[in-house]
Number of protein chains: 2
Amino acid sequence: MTESYYPDVRALHLFSEMADEHFEALMRVSYVQTFPPQIEMITEGDSSDFLHIVLSGAVEQFCTWNGRETIMSTIRPISTFILAATIKDAPYLMSARTLEKSRIALIPSQDVRAVFDADGQFARAIVTELAQCYRSVVKAQKDIKLRTSLERLANYLLRQQRYSGGGQGFDLPIEKRRLALLLGMTPENLSRAFKALQAYGVTVDGAGVHIRDREDLERFAKPSALIDDYSS
Amino acid sequence: MTESYYPDVRALHLFSEMADEHFEALMRVSYVQTFPPQIEMITEGDSSDFLHIVLSGAVEQFCTWNGRETIMSTIRPISTFILAATIKDAPYLMSARTLEKSRIALIPSQDVRAVFDADGQFARAIVTELAQCYRSVVKAQKDIKLRTSLERLANYLLRQQRYSGGGQGFDLPIEKRRLALLLGMTPENLSRAFKALQAYGVTVDGAGVHIRDREDLERFAKPSALIDDYSS
DNA sequence: AAGATCACTTGATATTTATCAAGCCGGCAG
DNA sequence: CTGCCGGCTTGATAAATATCAAGTGATCTT
């Protein structure tokens with residue numbers, strides 16, 4: 001197995017500041033696996049033996065209960081996931097499946113915990129990352145408890161537009177039926193919600209979205225830094 | 001100001017393992033303040049200058065957007081809050097108000113961060129605490145995205161029953177109008193939901209709740225360790 | 001003790017969201 | 001090329017949830 005992914009992992013804020021020897025130690029015990037699309041890599045309730053890093057492809061975290069399913073987040077390269085379960089040595093709260101063919105690096109959880117104790121910089125980075133994850137879920141919680149589905153979609157589109165460079169037109173990064181579950185609604189209602197947003201200058205053609213006048217949409221969506229700004 | 005609260009704070013998992021000198025250093029720069037009921041101590045968006053610890057009384061975290069309000073959690077002694085904002089040195093995502101007259105200890109955020117770098121045990125404890133907080137929000141998110149309001153109430157009652165000793169009767173720890181917002185519904189619908197749960201042996205008189213047959217209610221509520229077990 | 005206030009409840013109604021059942025359409029396999 | 005399949009859409013309907021408007025009962029205040 002090639003070591004070509006080391007620099008990419010090293011560049012992650014989680015690993016960028018730690019001592020070389022500790023980074024090397026982690027990389028030596030980790031390995032890379034390639035998964036085909038639509039494979040459930042992690043099932044909620046299982047014990048967390050590895051910290052996962054998405055090197056290429058895409059992974060989604062989802063949860064099920066009583067026959068229902070919802071999507072919690074989509075993870076794209078290069079990022080880690082299930083850090084909290086790894087740290088706490090507790091069962092996964094979310095399942096994960098590949099959306100596309102994906103390369104995943106796996107670092108044994110016990111080694112992550114060991115290096116945490118030995119490397120202060122790494123410990124600092126883990127805490128920052130965890131705090132970031134925590135704040136992201138709090139924002140998601142505010143989004144769903146304070147907004148209607150139409151408002152959630154409008155704000156999602158505004159975030160996505162910004163993320164994709166700020167131009168009027170951009171492509172949805174995931175299928176609509178998945179976006180619906182991510183936003184806490186059904187695919188049918190997502191369809192209707194897109195139509196309802198035409199009144200605010202939003203047009204859709206397949207995965208392509210066009211926002212005629214951002215300010216017009218913002219007047220309806222009322223985006224807030226404390227919900228929609230994923231960088232803080 | 002008395003130092004009588006030191007042992008209580010020291011007993012928190014967050015502070016129990018750290019070196020004496022570091023604990024003393026934190027306590028020296030911290031102070032205690034007593035707030036009357038219904039005081040907004042923290043407003044979302046403000047910068048996070050202190051880590052807060054509820055010594056007595058009760059505090060609730062809530063969020064607002066576009067004229068709407070929701071409650072995120074209730075914090076009772078002895079526990080910390082807004083740890084993530086303190087660590088990241090980022091704005092608060094949630095506001096906080098006292099429910100009763102409360103004594104709050106305040107530790108300057110910069111000192112928390114400094115001791116974090118100096119004390120590995122403390123760093124470890126912070127990470128564990130943060131991971132716990134993260135997992136709690138994920139569970140809350142699953143609760144609200146996968147369940148109807150009636151199911152959320154049923155599971156809340158089962159959790160509360162267990163928490164209060166497991167007997168058939170127990171008292172709601174917060175007002176019903178607050179419970180409604182915590183569960184993501186209106187007070188009116190909470191009232192109706194209680195009535196609907198009569199069909200499963202739940203009776204309510206004021207703050208008192210009686211569950212005739214736990215198993216009967218569980219058949220409807222379908223509690224899951226991955227949503228309702230707050231200890232893992 | 002009388003009046004005011006507030007949490008809670010109830011009923012009627014409106015809105016939001018989900019479900020069910022087709023139908024459309026583009027990609028893909030045979 | 002043709003037919004099938006899956007994602008998407010649409011319409012009709014049902015269920016869940018919110019809103020509005022009273023009304024009740026307890027507590028607090030004066």
Side-chain angles (χ1 to χ4, degrees), chain A residues 37-38 60 64-71 74 97 99-100 143-157 171-199 202-209 220-221, chain B residues 36-38 60 64-71 74 97 99-101 143-157 171-199 202-209 220-221:
Chain A
Q38 305 300 332
E60 79 180 2
T64 56
W65 177 80
N66 194 26
R68 298 168 211 165
E69 176 179 326
T70 191
I71 295 176
T74 304
R97 70 165 78 92
L99 294 176
E100 321 158 2
D143 190 46
I144 205 154
K145 285 186 85 172
L146 289 168
R147 290 170 170 165
T148 67
S149 60
L150 196 58
E151 290 163 343
R152 292 198 294 276
L153 175 60
N155 280 293
Y156 174 86
L157 294 178
D171 282 351
L172 296 174
I174 55 174
E175 290 173 282
K176 285 179 186 169
R177 69 199 180 92
R178 293 179 195 282
L179 177 57
L181 296 188
L182 185 64
L183 293 176
M185 56 205 289
T186 58
E188 293 97 324
N189 277 327
L190 179 62
S191 239
R192 288 184 260 263
F194 270 121
K195 261 174 94 172
L197 287 182
Q198 285 179 7
V202 176
T203 47
V204 188
D205 178 30
V209 176
F220 168 73
Chain B
Q38 304 300 332
E60 78 179 3
T64 56
W65 178 80
N66 194 26
R68 298 169 211 164
E69 175 180 326
T70 191
I71 296 177
T74 304
R97 70 164 78 92
L99 293 177
E100 320 158 3
K101 181 180 174 192
D143 190 46
I144 206 155
K145 286 187 83 174
L146 288 167
R147 289 171 171 165
T148 67
S149 60
L150 196 58
E151 290 163 344
R152 291 198 294 277
L153 175 60
N155 280 292
Y156 173 86
L157 294 178
D171 281 352
L172 296 174
I174 54 174
E175 290 173 283
K176 286 178 186 168
R177 69 197 179 95
R178 295 180 194 283
L179 177 57
L181 297 187
L182 185 64
L183 293 176
M185 57 205 289
T186 58
E188 292 99 323
N189 276 325
L190 178 63
S191 240
R192 288 185 260 265
F194 270 121
K195 261 173 92 170
L197 288 183
Q198 283 178 7
V202 176
T203 47
V204 189
D205 178 31
V209 177
F220 168 73

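No hydrogens, no waters, no symmetry mates; every other heavy atom, side chains included, goes into these values. Chain letters run A, B, ... following the sequence lines, proteins first and then strands; every chain starts at 1.
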Please enumerate all residues that pass side chain to side chain donor-acceptor pair (under 3.5 Å) together with [X], with sequence neighbours excluded.
{"X": "T203(B)", "result": "none"}
{"X": "T64(A)", "result": "E44(A)"}
{"X": "T186(A)", "result": "N189(A)"}
{"X": "E69(B)", "result": "R97(B)"}

Q) How many Å lie between CZ on R177(B) and C1' on dT5(C), as a whole number? A)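 In whole Å, dT5(C) C1' lies 12 Å from R177(B) CZ.
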Q: Under the ring pair (Phe, Tyr, Trp, His ring centres under 6.0 Å) rule, collect the residues that match up with F220(B), sequence neighbours excluded.
A: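 Counting only residues at least two positions away or on another chain, F220(B) forms a ring pair (Phe, Tyr, Trp, His ring centres under 6.0 Å) with Y200(B).
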Q: Enumerate the residue pairs fulfilling salt bridge (charged side-chain N to carboxylate O under 4.0 Å, His left out) with a member in residues 172-182 of chain B, sequence neighbours excluded, ordered by first and then second residue.
A: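 Those involving residues 172-182 of chain B are E60(B)-R178(B), E175(B)-R177(B), E175(B)-R178(B).
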Q. What pairs of residues pass the salt bridge (charged side-chain N to carboxylate O under 4.0 Å, His left out) test when at least one of them lies in residues 183-195 of chain A, not counting sequence neighbours?
A.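 Every pair satisfying salt bridge (charged side-chain N to carboxylate O under 4.0 Å, His left out) with a residue in residues 183-195 of chain A: there are none.
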Identify all side-chain donor-acceptor contacts of residues 147-154 of chain A below 3.5 Å with residues at least two apart in sequence or on another chain.
{"unit_1": "R147(A)", "atom_1": "NH1", "unit_2": "D143(A)", "atom_2": "OD1", "d": "2.8"}
{"unit_1": "R147(A)", "atom_1": "NH1", "unit_2": "D228(A)", "atom_2": "OD1", "d": "3.0"}
{"unit_1": "R147(A)", "atom_1": "NH2", "unit_2": "D228(A)", "atom_2": "OD2", "d": "2.8"}
{"unit_1": "T148(A)", "atom_1": "OG1", "unit_2": "E151(A)", "atom_2": "N", "d": "3.3"}
{"unit_1": "T148(A)", "atom_1": "OG1", "unit_2": "E151(A)", "atom_2": "OE1", "d": "3.4"}
{"unit_1": "E151(A)", "atom_1": "OE1", "unit_2": "T148(A)", "atom_2": "N", "d": "2.9"}
{"unit_1": "E151(A)", "atom_1": "OE1", "unit_2": "R68(B)", "atom_2": "NH1", "d": "2.8"}
{"unit_1": "E151(A)", "atom_1": "OE2", "unit_2": "R68(B)", "atom_2": "NH2", "d": "2.9"}
{"unit_1": "R152(A)", "atom_1": "NE", "unit_2": "L183(A)", "atom_2": "O", "d": "2.7"}
{"unit_1": "R152(A)", "atom_1": "NH1", "unit_2": "R147(A)", "atom_2": "O", "d": "2.8"}
{"unit_1": "R152(A)", "atom_1": "NH2", "unit_2": "L183(A)", "atom_2": "O", "d": "3.1"}
{"unit_1": "R152(A)", "atom_1": "NH2", "unit_2": "G184(A)", "atom_2": "O", "d": "3.2"}

Q) Does CG in D171(A) sit with more than 12 non-hydrogen atoms of other residues, nucleotides or ligands closer than 6.0 Å? A)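 Above 12, so yes.
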Q: Give me the residues of residues 146-157 of chain A where at least one heavy atom lies under 4.0 Å from an atom of DNA chain D, by number, or none.
A: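 DNA chain D contact set from residues 146-157 of chain A: none.
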Q. How large an angle, rounded to 10°, do the end axes of the helix from dA1(C)-dT30(D) to dG30(C)-dC1(D) enclose when each is built from five base pairs?
A.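 Comparing the first five pairs with the last five, the axes sit 30° apart.
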Q.
Base contacts versus sugar-phosphate-only contacts with protein, heavy atoms under 4.0 Å: please encode nucleotides 24-30 of chain D as B, S and - from 5' to 3'.
A. -------
Q: Measure from the side-chain N and O atoms of K145(B) to the backbone N and O of L181(A), and report whether any donor-acceptor pair falls under 3.5 Å.
A: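 Side chain of K145(B) to backbone of L181(A), a donor-acceptor pair under 3.5 Å: yes, one is there.
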Would you tabulate the nitrogen or oxygen pairs shorter than 3.5 Å linking the protein to nucleotides 10-12 of chain D?
{"unit_1": "dG11(D)", "atom_1": "N7", "unit_2": "R192(A)", "atom_2": "NH1", "d": "3.0"}

